[in-house]
Chemist: 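Once you've had a glance at the structure underneath, I'll fire off some questions.
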Amino acid sequence: MPDTFIKIASVTVGSGGAANIEFTSISSAYTDLFLVVSARFNASLDAGSGAAFCKMTFNNVTTNYSNRFLTGDGSGVASNNNTNPPNFPCAGTNNTSNTFGSTSIYIPNYGSSNNKSISIDAINETNATTAYAVLRASLWSNSAVISSIKLEELATGANFLQYSTATLYGIKSS
Amino acid sequence: MPSTYTPIATTTLGSAAPSVTFSSISGSYTDLILVATPIYSTSAATKLYINNDSTSVYSGTWLYGTGSAAGSYRVSNTAPIIINYFNNGSSDTPNQIINFQNYSNATTFKTFIGRNNNSAQGTDAVVGLWRSTSAITQLELQTTTGNYNAGSTFTLYGVKSA
């Protein structure tokens with residue numbers, strides 16, 4: 001039985017940091033994509049938690065996204081929505097050292113001509129009072145096949161720090 | 001290296017149907033993962049039947065966000081179990097990912113963890129219980145009303161722990 005859960009590519013950020021992590025020329029041979037991210041940035045966008053946030057875009061397109069998400073921060077829970085490219089919390093400068101946020105992203109039927117729905121589960125755990133756990137439902141209203149995925153810091157232009165990783169898997173349904 | 005994440009069956013509807021069934025599921029895996037991208041004909045949710053069991057032996061707890069409000073919801077002694085908290089509209093593009101752990105043993109009750117995502121309605125996570133020690137051999141997804149339209153996809157994967 002051939003492999004049906006296949007690593008497409010993996011990136012580990014080196015000592016100089018990286019402005020972004022990008023997967024390009026993604027083969028259309030799979031059915032679904034699964035992206036696992038372990039990330040820390042050299043900035044902290046959120047003063048309360050120290051978290052940084054990672055933005056994700058497809059095919060270098062920054063429009064036609066929609067999101068509804070659920071966020072817990074250790075003391076409360078809230079739900080919000082927007083039409084920005086999806087983003088998720090990662091560890092930032094002010095978080096516990098040697099700690100990276102963890103995110104899993106599932107994109108079913110990324111090669112279809114339908115709009116692309118996305119499931120995102122993310123945390124930016126830190127040894128402090130406030131940290132984020134996020135469940136996100138995202139949509140890219142675009143009929144194009146997803147051929148590239150770009151990850152970058154949301155707002156400050158900060159870099160991924162060394163040892164941040166992102167691995168893209170392809171899953172075949174047959 | 002043998003495959004440890006194996007597609008058991010996949011269904012892409014060529015015409016509208018009220019339900020999709022995966023039957024005669026092999027017991028040779030450790031866990032099951034069901035991935036669905038349903039297209040509903042009308043505002044509806046999905047009911048889950050395990051082994052065609054329609055007795056009141058299902059329960060579940062949801063954590064959900066509507067995009068403006070967050071909450072939690074629970075049902076017990078219900079049949080069947082409606083696995084998504086939100087109804088999905090006919091023009092929505094939802095996805096559902098359901099993990100069934102240790103599904104093939106004949107000793108324990110069966111649990112599942114699900115994620116339902118609809119950028120137009122909300123996102124939720126559900127933990128469910130089927131109070132039966134039987135191995136899971138059949139999974140049926142059925143709309144609460146209307147049909148799944150053509151183009152809806154449903155794939156069942158088997159995951160081996162070794």
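All chains are named by letter (A, B, ...) in the order of the sequence lines, taking the proteins before the strands, and each is independently numbered beginning at 1.
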Chemist: Quiz question: by atom type and distance under 3.5 Å, do the side chains of B:Thr155 and A:Ser173 form a donor-acceptor pair?
Modeler: no
Chemist: Side chain from CB out, backbone as N, CA, C, O: work out which of these in B:Asn95 comes under 4.5 Å of a heavy atom of chain A, or both, or neither.
Modeler: both
Chemist: Quick one: which of A:Asp32, A:Asn67, A:Asp121 has the most heavy-atom pairs under 4.5 Å with chain B, could you say?
Modeler: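 Result: the option with the highest number of such pairs is A:Asp121.
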Chemist: Please name the pair of heavy atoms, one in B:Gln121 and one in A:Arg68, separated by the smallest distance, quoted to 0.1 Å.
Modeler: C-CD, 3.4 Å
Chemist: Linking I/L/V/M/F/W/Y whenever their side-chain heavy atoms sit closer than 4.5 Å, directly or via other members, would B:Phe100 and B:Ile97 fall into one cluster?
Modeler: no
Chemist: Can you tell me how far the CG atom of B:Asp124 sits from the OG atom of A:Ser79, to the nearest 0.5 Å?
Modeler: 11.0 Å
Chemist: Is it the side chain or the backbone of A:Asn82 that comes within 4.5 Å of chain B heavy atoms, both, or neither?
Modeler: neither
Chemist: Between A:Asn109 and chain B, which part of the residue has a heavy atom less than 4.5 Å away: side chain, backbone, both or neither?
Modeler: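 The side chain, not the backbone.
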Chemist: If you round to the nearest 0.5 Å, how far is OH of B:Tyr5 from CZ of A:Phe34?
Modeler: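 That separation rounds to 7.5 Å.
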Chemist: Is there a path of hydrophobic side-chain contacts, each under 4.5 Å between heavy atoms of I, L, V, M, F, W or Y residues, that connects A:Tyr65 with A:Phe53?
Modeler: no
Chemist: Who among A:Asn81, A:Asn115, A:Leu135, A:Leu139 has the most heavy-atom pairs with chain B under 4.5 Å?
Modeler: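 Greatest number of close heavy-atom pairs with chain B: A:Leu135.
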Chemist: With a strict 4.5 Å heavy-atom criterion, list every residue of residues 57-79 of chain B that contacts chain A, or say none.
Modeler: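 Interface residues of residues 57-79 of chain B: B:Leu63, B:Tyr64, B:Gly65, B:Thr66, B:Gly67, B:Ser68, B:Ala69, B:Ala70.
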Chemist: Report which part of A:Ser119 has an atom under 4.5 Å of a heavy atom belonging to chain B: side chain, backbone, both, or neither.
Modeler: both
Chemist: Which atoms form the tightest heavy-atom contact between B:Thr123 and A:Phe69, and what is the distance?
Modeler: CG2-CA, 4.0 Å
Chemist: Side-chain heavy atoms under 4.5 angstrom apart, residues restricted to Ile, Leu, Val, Met, Phe, Trp, Tyr: same cluster for A:Phe160 and A:Leu45?
Modeler: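 No.
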Chemist: Would you indicate whether the side-chain heavy atoms of A:Tyr106 and B:Val35 approach each other to under 4.5 Å?
Modeler: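 The answer is yes, as the side chains (C-beta and beyond) meet within the 4.5 Å cut-off.
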Chemist: Can you give me the closest heavy-atom contact between B:Pro94 and A:Ser117, atom names plus distance?
Modeler: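 Between these two residues, the closest heavy atoms are O-OG, 3.9 Å.
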Chemist: Rounded to the nearest 0.5 Å, what separation is found between the CZ atom of A:Phe5 and the CD1 atom of B:Ile33?
Modeler: 7.5 Å
Chemist: Side-chain heavy atoms nearer than 4.5 Å, only ILVMFWY residues, links allowed to pass through others: does that put B:Leu139 and B:Phe154 together?
Modeler: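 Both belong to a single hydrophobic cluster.
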Chemist: Membership question, hydrophobic clusters at under 4.5 Å side-chain separation (ILVMFWY): are B:Phe112 and B:Leu141 in the same one?
Modeler: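 As far as the 4.5 Å side-chain criterion goes, B:Phe112 and B:Leu141 are connected within one cluster.
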